[in-house]
Amino acid sequence: MEFLFLCVIVFLFILAVFDLSVGVSNDAVNFLNSAIGSRAASFRRVLIVASVGVFIGAAMSNGMMDIARHGIFRPEHFSFYDIICIFMAVMVTDIILLDVFNTLGMPTSTTVSMVFELLGATFVVALIKMASETTGSGLNDLLNTEKALSVIIGIFLSVAIAFFFGTVVQFISRLIFTFDYRCRLKWKIGVFGGICSTAIVYFLLLKGAKDLVFMTPDVKTWIDVHTLPLLGCCFAGFTLLMQLLHVLGVNVLKVIVLMGTFALAMAFAGNDLVNFIGVPLTGLAAFSDYAAFGEGNPRTFMMNSLNGPSDTSFWFLVGAGVIMVVALSTSKKARKVAQTEIGLGSRDSGDEMFGSSRIARRLVRWSLSGLGWIRHIAPAGMRVWVSRRFDTKNMTVEQGASFDLVRASVNLVLAGALIALGTSMKLPLSTTFVTFMVAMGTSLADRAWGRESAVFRITGVISVIGGWFLTAGAAFIGAGIIVMLMHYGGHWAMFALGILTIFLIIRSNRRFRAAKTEEKGDVMFQAILSTKDQSKTWPLLFMYIKDCQEKFFVSAGECYSLMCTAFVREDLRTLDRTERILKNHKQELKNDRRKETLCLRQVSRTVAMEKSAWFHLANNCCMSMLYNLRRINEVCKEHVENNFRTLPERYITESETISAKVGELFEGTCGMMASESLESVDSLRMRCDRIKDMISESYHRLYSNLHEGDPEAMSVLYVYMNVLQETQEMVSSMRKYLRAFAKLKDSAYSGRAKAKNIISD
């Protein structure tokens with residue numbers, strides 16, 4: 001029996017390695033976002049600084065291990081078998097949740113997942129024990145409800161606190177430095193650097209150092225008594241040092257950003273490392289106690305030993321730090337999660353990852369009304385002064401950066417300070433929550449969310465926050481279900497769930513790699529936005545438009561053929577599938593149109609005015625064709641769902657002929673788009689006219705015979721009439737599209753070779 005539980009502990013550590021790798025892709029990447037987004041240094045240099053912070057912070061995380069040992073449950077009431085079931089359920093659920101969120105590119109929280117997984121698993125085990133025992137123990141006796149409640153409140157309160165302080169501090173910082181900050185650093189940068197450095201020293205050394213194993217009670221007492229003098233000395237020393245560095249020509253803001261990266265990495269390791277290795281280390285401690293003092297029955301040996309303080313080996317912590325650094329430097333999912341936060345905080349109106357939502361539109365409308373009221377009551381002089389301080393005409397931003405170094409400094413220093421404060425109070429504040437909400441608060445204060453992007457950015461923030469709450473609910477329910485299966489299923493259930501976890505991880509990674517191969521369009525989109533030569537922008541933009549619309553035409557032709565066949569054969573499943581495909585195409589066309597409009601702004605004004613009419617006509621034709629396809633699918637699906645009569649035999653052949661002709665038209669159009677020649681455009685337009693005439697003849701013949709046939713067949717004939725009408729309109733839209741595309745294609749040939757060179761570079 002001991003060997004079986006030893007295998008479980010080993011599996012927990014294997015899952016911990018996966019957890020460290022997966023978690024760092026989602027959580028630890030937060031302390032790199034500001035340095036990456038502001039281009040404060042090369043990625044390699046930023047990673048080295050962060051790695052040092054992770055190692056030092058890992059040594060301080062020993063005090064946080066108590067959360068996994070007795071922060072959520074009261075171990076004296078749980079047997080060794082109960083504890084193993086709880087910890088196994090926590091690790092399995094955590095791996096699955098984090099990998100799903102990473103694949104979606106959504107920041108989630110390891111702190112939230114761990115706390116709610118422990119809470120959900122313990123809650124279910126407590127209910128099982130209360131139902132099977134006669135000891136009279138209540139839920140409060142089994143769960144450490146007071147501590148769990150303080151942890152949960154601390155986690156979710158950090159959202160509001162981080163956003164509020166991020167907005168206020170960034171607003172004040174921008175008033176002081178403005179966007180043209182380089183000409184205002186002469187005397188301000190020393191004080192600013194002194195404040196930032198002192199905050200880092202206070203929260204990460206004076207507070208965090210109390211958990212170091214070599215800190216004696218006398219040293220801790222001395223630090224508490226002399227805190228204010230130490231802070232005064234640090235402020236004076238760092239102020240002079242930063243001012244001297246500025247005089248010597250060093251970019252002090254870059255130094256502060258790297259210090260902040262170090263601080264946040266250190267705070268992350270000190271606060272969130274427990275989320276990755278706290279559970280397996282506690283499981284190892286429980287197994288050691290059971291192996292030494294247990295009497296052979298794991299269901300009766302109680303875990304009183306877990307009430308004591310943790311004594312984690314320094315080498316476990318350092319090993320975890322090594323795994324995190326390796327995962328951070330090699331994970332492609334980390335880059336995808338980083339793009340979410342950087343994109344939401346970017347000043348540029350680039351590719352908006354999120355759409356528009358009703359609540360975001362209302363929030364923007366209310367905010368605009370509130371700002372209008374504030375402008376109305378504010379003195380005119382103050383309005384002019386604030387507008388002057390927030391003038392972006394002479395904005396100083398590093399080449400390729402999404403925001404400047406002032407905002408990056410505030411993001412890192414403030415987030416690191418808040419997280420380290422939570423660590424010192426033994427509250428596991430979520431690194432993801434604090435870092436993300438500070439970044440969103442500074443973006444709001446910096447007016448990075450303009451009228452053209454505010455709705456999308458707010459939708460993104462709401463989506464991320466909603467994902468956090470979804471994490472909490474899924475973690476609680478998932479861990480509860482899994483622990484119940486393990487509790488009643490025994491070691492066979494543990495073995496099966498372990499195999500399932502490994503299978504899901506492998507499948508998720510394969511899907512992620514497959515999805516990466518389909519992102520060539522995004523590479524081209526970024527190439528267009530980064531191209532400075534306007535003579536190359538239009539041919540490159542045409543290639544992007546052609547690829548997007550060619551993909552739509554291929555899918556649209558397939559959907560039309562499937563719908564016509566499914567209507568005749570009463571295939572409801574195919575109609576359901578085409579409905580989902582067409583719904584996705586609507587969002588894709590809207591996203592492509594927004595991206596293409598952004599790219600059109602990069603083209604010179606003369607070229608843009610000349611091409612925009614044909615560009616918008618082509619887009620409108622695609623949307624019109626999509627509407628026709630959705631209308632055909634809608635009426636066909638409704639008819640088939642109601643099990644009405646099938647299409648009479650004499651119309652089936654006619655329907656198949658029209659479907660084949662339209663399918664050939666789609667194929668010809670796709671072939672024309674892929675070729676270098678425009679000679680086939682006129683023949684395709686003539687083919688459109690012939691198909692329209694054929695549909696018109698069928699329509700009029702059907703209309704004249706409509707009342708002469710079986711009255712019970714009228715419902716299906718009305719559906720068929722609708723199919724003919726929508727098909728005719730779709731072919732007309734395709735004819736207009738061919739004319740617009742020919743105009744766009746003709747103008748793009750001269751620069752096509754240049755565009756290919758840009759893509760290859």
Write out all pairs satisfying salt bridge (charged side-chain N to carboxylate O under 4.0 Å, His left out) with one or both partners inside residues 159-181, taking only residues at least two apart or from two chains.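 Those involving residues 159-181 are Arg174-Asp404, Arg174-Asp446.
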Restricting to pairs with a member in residues 243-267, which pass salt bridge (charged side-chain N to carboxylate O under 4.0 Å, His left out), not counting sequence neighbours?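 Sorted result for residues 243-267: Lys254-Glu398.
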With sequence neighbours excluded, what pairs up with [X] under the side chain to side chain contact (heavy atoms under 4.5 Å, CB included) test?
{"X": "Ser42", "result": "Arg44, Arg45"}
{"X": "Ala475", "result": "Leu97, Phe116, Glu117"}
{"X": "Phe165", "result": "Ile161, Leu414"}
{"X": "Arg383", "result": "Arg375, Ala378, Ala380"}

For Phe476, give me all partners under ring-ring contact (aromatic ring centres under 6.0 Å, His included), at least two apart in sequence or on another chain.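 Residues passing ring-ring contact (aromatic ring centres under 6.0 Å, His included) with Phe476: Phe123.
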Going by ring-ring contact (aromatic ring centres under 6.0 Å, His included), name the residues that satisfy it together with Phe171, two or more places apart in sequence or in a different chain.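 Once residues adjacent in sequence are excluded, the partners of Phe171 under the ring-ring contact (aromatic ring centres under 6.0 Å, His included) criterion are Phe390.
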Going from [atom1] on [X] to [atom2] on [Y], what distance comes out if it is rounded to the nearest 0.5 angstrom?
{"X": "Arg389", "Y": "Phe179", "atom1": "CZ", "atom2": "CZ", "value": "11.5 Å"}
{"X": "Arg362", "Y": "Ile458", "atom1": "CZ", "atom2": "CD1", "value": "14.0 Å"}
{"X": "Leu231", "Y": "His226", "atom1": "CG", "atom2": "NE2", "value": "13.0 Å"}
{"X": "Thr471", "Y": "Asp94", "atom1": "OG1", "atom2": "CG", "value": "10.0 Å"}
{"X": "Ser369", "Y": "Ile374", "atom1": "OG", "atom2": "CD1", "value": "11.0 Å"}
{"X": "Leu363", "Y": "Arg361", "atom1": "CG", "atom2": "CZ", "value": "11.0 Å"}

Side-chain donor-acceptor distances from residues 240-248 under 3.5 Å, at least two apart:
{"from": "Gln243", "atom 1": "OE1", "to": "Gly190", "atom 2": "N", "distance (Å)": "3.3"}
{"from": "Gln243", "atom 1": "NE2", "to": "Lys186", "atom 2": "O", "distance (Å)": "2.6"}

Please name all residues satisfying side chain to side chain donor-acceptor pair (under 3.5 Å) with Thr442, sequence neighbours left out, ordered by chain then number.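 Thr442 satisfies side chain to side chain donor-acceptor pair (under 3.5 Å) with Asn411 once adjacent residues are dropped.
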I'd like to check the side chain to side chain donor-acceptor pair (under 3.5 Å) partners of Ser173; sequence neighbours left out, ordered by chain and number.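 For Ser173 there are no side chain to side chain donor-acceptor pair (under 3.5 Å) partners, ignoring immediate neighbours.
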Name each donor-acceptor pair under 3.5 Å that joins a side chain in residues 320-327 to protein atoms two or more places apart or in another chain, with its distance.
none

For the residue pair [X] and [Y], what are the closest heavy atoms and their distance?
{"X": "Cys234", "Y": "Val201", "value": "SG-CG1, 3.8 Å"}
{"X": "Leu412", "Y": "Val257", "value": "CD1-O, 3.2 Å"}
{"X": "Val191", "Y": "Thr239", "value": "N-CG2, 3.9 Å"}

Ile359 atom CD1, over 12 foreign heavy atoms within 6.0 Å: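 No, because the 6.0 Å sphere around CD1 of Ile359 holds 12 heavy atoms or fewer from other groups.
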Under a 3.5 Å threshold, yes or no: a donor from one side chain and an acceptor from the other, between Arg407 and Ser443?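 Yes, because at least one side-chain N or O of Arg407 sits under 3.5 Å from a partner of the opposite role on Ser443.
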Begin with the C-alpha distance, continue with both residues' side-chain angles, and end with the deciding distance and a verdict on side chain to side chain contact (heavy atoms under 4.5 Å, CB included) for Ile256 and Phe192. CA-CA 9 Å; Ile256 295 173; Phe192 183 75; 3.8 Å; yes
Measure the shortest side-chain to side-chain distance between Val169 and Val413 over non-hydrogen atoms and say whether it is less than 4.5 angstrom.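 Val169 vs Val413: side chains apart.
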Is any side-chain heavy atom of Phe238 less than 4.5 Å from a side-chain heavy atom of Ile195?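 Answer no - side chains too far apart.
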